[in-house]
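Heads up, the thing below is written out as structure tokens.
The chains referred to below are lettered A, B, ... by the order of the sequence lines, with proteins before strands, and numbering in each begins at 1.
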Number of protein chains: 2
Amino acid sequence: MRDVARAAGVSAMTVSNTFKYPERVQPETRQRVLEQALELGYVPNLMAGNLAAGESRVIGGTIPSIRNSSFYKYVLGMQRAVSEHGYKLVLMLADTMAQERAAVEALIGLRVAGLVLVGTDHDRLTVSLLGKVGLPVVESWTRGPVMDMGVGFDTSEATRQAVRLLLREGRRRVALIIHDGPASRRFVERIPAFQEEMARAGLSGDLVHAVPVSDGFGSGAAALDALLASAPDLEAVICPTDIVAAGVVFECQRRGIQVPKQLAVAGWGDYEIGREMTPQLTTICPRSEIMGSQAIELLVERVQGRIRGPRLADTGFTLIERASTQQVMAEAAT
Amino acid sequence: MRDVARAAGVSAMTVSNTFKYPERVQPETRQRVLEQALELGYVPNLMAGNLAAGESRVIGGTIPSIRNSSFYKYVLGMQRAVSEHGYKLVLMLADTMAQERAAVEALIGLRVAGLVLVGTDHDRLTVSLLGKVGLPVVESWTRGPVMDMGVGFDTSEATRQAVRLLLREGRRRVALIIHDGPASRRFVERIPAFQEEMARAGLSGDLVHAVPVSDGFGSGAAALDALLASAPDLEAVICPTDIVAAGVVFECQRRGIQVPKQLAVAGWGDYEIGREMTPQLTTICPRSEIMGSQAIELLVERVQGRIRGPRLADTGFTLIERASTQQVMAEAAT
DNA sequence: GGCGGTCATTGTAGCGCTACAGACACAGGT
DNA sequence: ACCTGTGTCTGTAGCGCTACAATGACCGCC
């Protein structure tokens, strides 16, 4: 900074102001400073700046995996919102709670202005740490209870709507596939909603099967295999993601089971593949991008002191009905 | 830090050492400090630390999009390698050159130890800036020429191998689909290799069609449409990604074109969908995870002064032959 | 008993920047 | 001539930490 100041014939403070408060310095002076900065390859040291100012315009986020296209849109939403507010978004990967804890510590170490985490399953230490440092935190993909603020939609209601759709189409023997494993507890929430809705129709909600996240399409094949073994009269499945649903459909094609005629398949997440494959997948669209931007909005408002206390934003969902669950005329329509 | 020091009855320096050089302080003292830190929710301020020490253990990365599963593995590889070396990885999204420039500036501002960028297409200012600050940079998914260091594989050779495979299977009318748009210039490299290899077999290499990245599966349908319009006798297509290849296959299913019998379809990237769909996709496997970890290895070695000067690591590729291009017995084998 | 060596711990200076208060020039009003 | 205000620029102190040198305390050895 000193070099730039000298080169431009001004004081260090003027260089600082040029970058932080451009309107405080005269256009010509600013111009001269910027030219010299460019010439010398000077980029203000954010670390020193934030240290001195005691605040940062960086928001941290952890993402459990970048495999899914829902997360893609979710991150896009966050990115768009941070840009609009003049913040930066830095992301760290966290597939396990231990990794999440390490990521959160690093981000606190960077003294980010706020944090966006996925879900409500966190290490005890992570939670107590966040409580102590008092950093604004948004938990996404959840309806709570949250540490501080949350964004998400009602997955129980979404599950119930999916069940009702299948029942309306005349299916009786309906199964629910979920994911299990350390980072997947959020799928478990869907079970009671599924069972309640089945019970309300006088049906059994015992066909629940869990598969690991990591197997992707393969999970669909495995789940179908297991479900058909215990229920050969299976008529419909609700999958944890469109990926699994696609896996189920592909496996049906291999086995000669007709979808949707013999088996209705509902997905979750409105992935691209669901729109493109044949038959197209019925799915729950989570409006991930809005969830991402909403998370940032909450954070920014909190940082700016415009809101305080716990918040929980409902970003809604849509049940998109497509060919994979439609009993009648499904093939004729193509 | 002072509070922790007071609470543990030691000096601030001892607290600092406890975190930065645990072996320098006696186990009991260390224990006492760590307890107090946990109690008070103290996390060392990385910014102040890095500022004082003049170095950081953070590596920055930009990713153009987190839509693809190749990038998923690539990022996983980087993450694994940074953990092994005691570094942190912070990621920023950059879909356009302008966004990349902003991300690079922010990361330089954070005074990261090194940077991993995707591809060699960068804003002029980004390149000159990186040159001036002298930060170690790895460009990935490329064979150069690079600013500093690079990792990647020979996409021309991969293209040639794909063409040869199709010719061996007896296809003559072969098309190449690529992506275009600002962030996709790397696909263009494949064109000369395609045309050369076709010419070598005495065939025309004029069937080259570009589609936008953003349309996903839809690009496949669009490309097939355009190609069939100009060449109804089309026998094979090489796609820029497995997503596009899947889109082509889905479109063929809609139109009643048999794959691979009437049309051979080769993908690129070894995405999950290519293994799971029917027919399975022939594809170029880029070994993305190794590319990610190799990028970090280069950076760490450079930072530690064990290597200097330009580097270009070849992480190789594999041509995986599956049903979507096999002329004979393709259906009988299922 | 004095000396060097080792080890745990501690002061001090300074990393690069910004908040804040002050300085200085100039305009306009009285 | 004096004051007030405005707009632009500058000096100083200090953000939280670490490098480095320095301080003791203790040990073993001649």
Mind checking side-chain hydrogen bond (donor to acceptor under 3.5 Å, both in side chains) for Asp3(B) and listing every partner two or more places apart, or none if nothing turns up?
Arg6(B)

Using a heavy-atom cut-off of 4.0 Å across all strands, would you classify Phe19(B) as base, sugar-phosphate, or nothing?
nothing

Under the salt bridge (Lys or Arg N to Asp or Glu O under 4.0 Å) test, residues paired with [X] that sit two or more places apart:
| X | answer |
| --- | --- |
| Arg143(B) | Asp314(B) |
| Arg302(B) | Asp148(B) |
| Glu189(A) | none |

The helix from dG1(C)-dC30(D) to dT30(C)-dA1(D): angle between terminal helix axes, five bp per end, to the nearest 10 degrees, reads 50°

Name of the residue among Leu115(A), Leu107(A), Val116(A), Leu91(A) meeting side chain to side chain contact (heavy atoms under 4.5 Å, CB included) with Thr62(A):
Leu107(A)

Check residues 15-28 of chain B and write down every donor-acceptor pair under 3.5 Å in which the side-chain atom is one partner and the other belongs to a residue at least two apart or another chain.
unit_1: Asn17(B); atom_1: ND2; unit_2: Met13(B); atom_2: O; d: 3.4
unit_1: Thr18(B); atom_1: OG1; unit_2: Thr14(B); atom_2: O; d: 2.6

Got a sec: does the CZ of Arg306(B) have more than 12 other heavy atoms crowding it under 6.0 Å?
yes

Quick check on Arg2(A): does its CZ atom have over 12 non-hydrogen neighbours (other residues, nucleotides or ligands) under 6.0 Å away?
no

For DNA chain D, find the residues of residues 42-53 of chain A with a heavy-atom distance under 4.0 Å and give them by number; none if there aren't any.
Leu51(A), Ala52(A)

Taking any atom closer than 4.0 angstrom to a non-hydrogen atom of chain A, what span of DNA chain C does the protein reach, first nucleotide to last?
dG16(C) to dC20(C)

Shorter than 3.5 Å, N or O on both sides, protein versus nucleotides 6-9 of chain D: list them out with atom names.
unit_1: dC9(D); atom_1: OP1; unit_2: Thr29(A); atom_2: OG1; d: 2.6
unit_1: dC9(D); atom_1: OP2; unit_2: Gln26(A); atom_2: N; d: 3.0

Can you list, pair by pair, the side-chain donor-acceptor contacts under 3.5 Å of residues 39-48 of chain A, counting residues two or more places apart and other chains?
unit_1: Asn45(A); atom_1: OD1; unit_2: Met47(A); atom_2: N; d: 2.9
unit_1: Asn45(A); atom_1: OD1; unit_2: Ala48(A); atom_2: N; d: 3.2

Contacts of His179(A) that satisfy ring-ring contact (aromatic ring centres under 6.0 Å, His included) - sequence neighbours left out:
Phe187(A)

So which heavy atom on Gln36(B) is nearest to which on Ala7(B), and how close?
OE1-CB, 3.4 Å

Pairwise ring-ring contact (aromatic ring centres under 6.0 Å, His included) hits with a residue in residues 108-148 of chain B, at least two apart
Phe71(B)-Trp141(B), Tyr74(B)-Trp141(B)

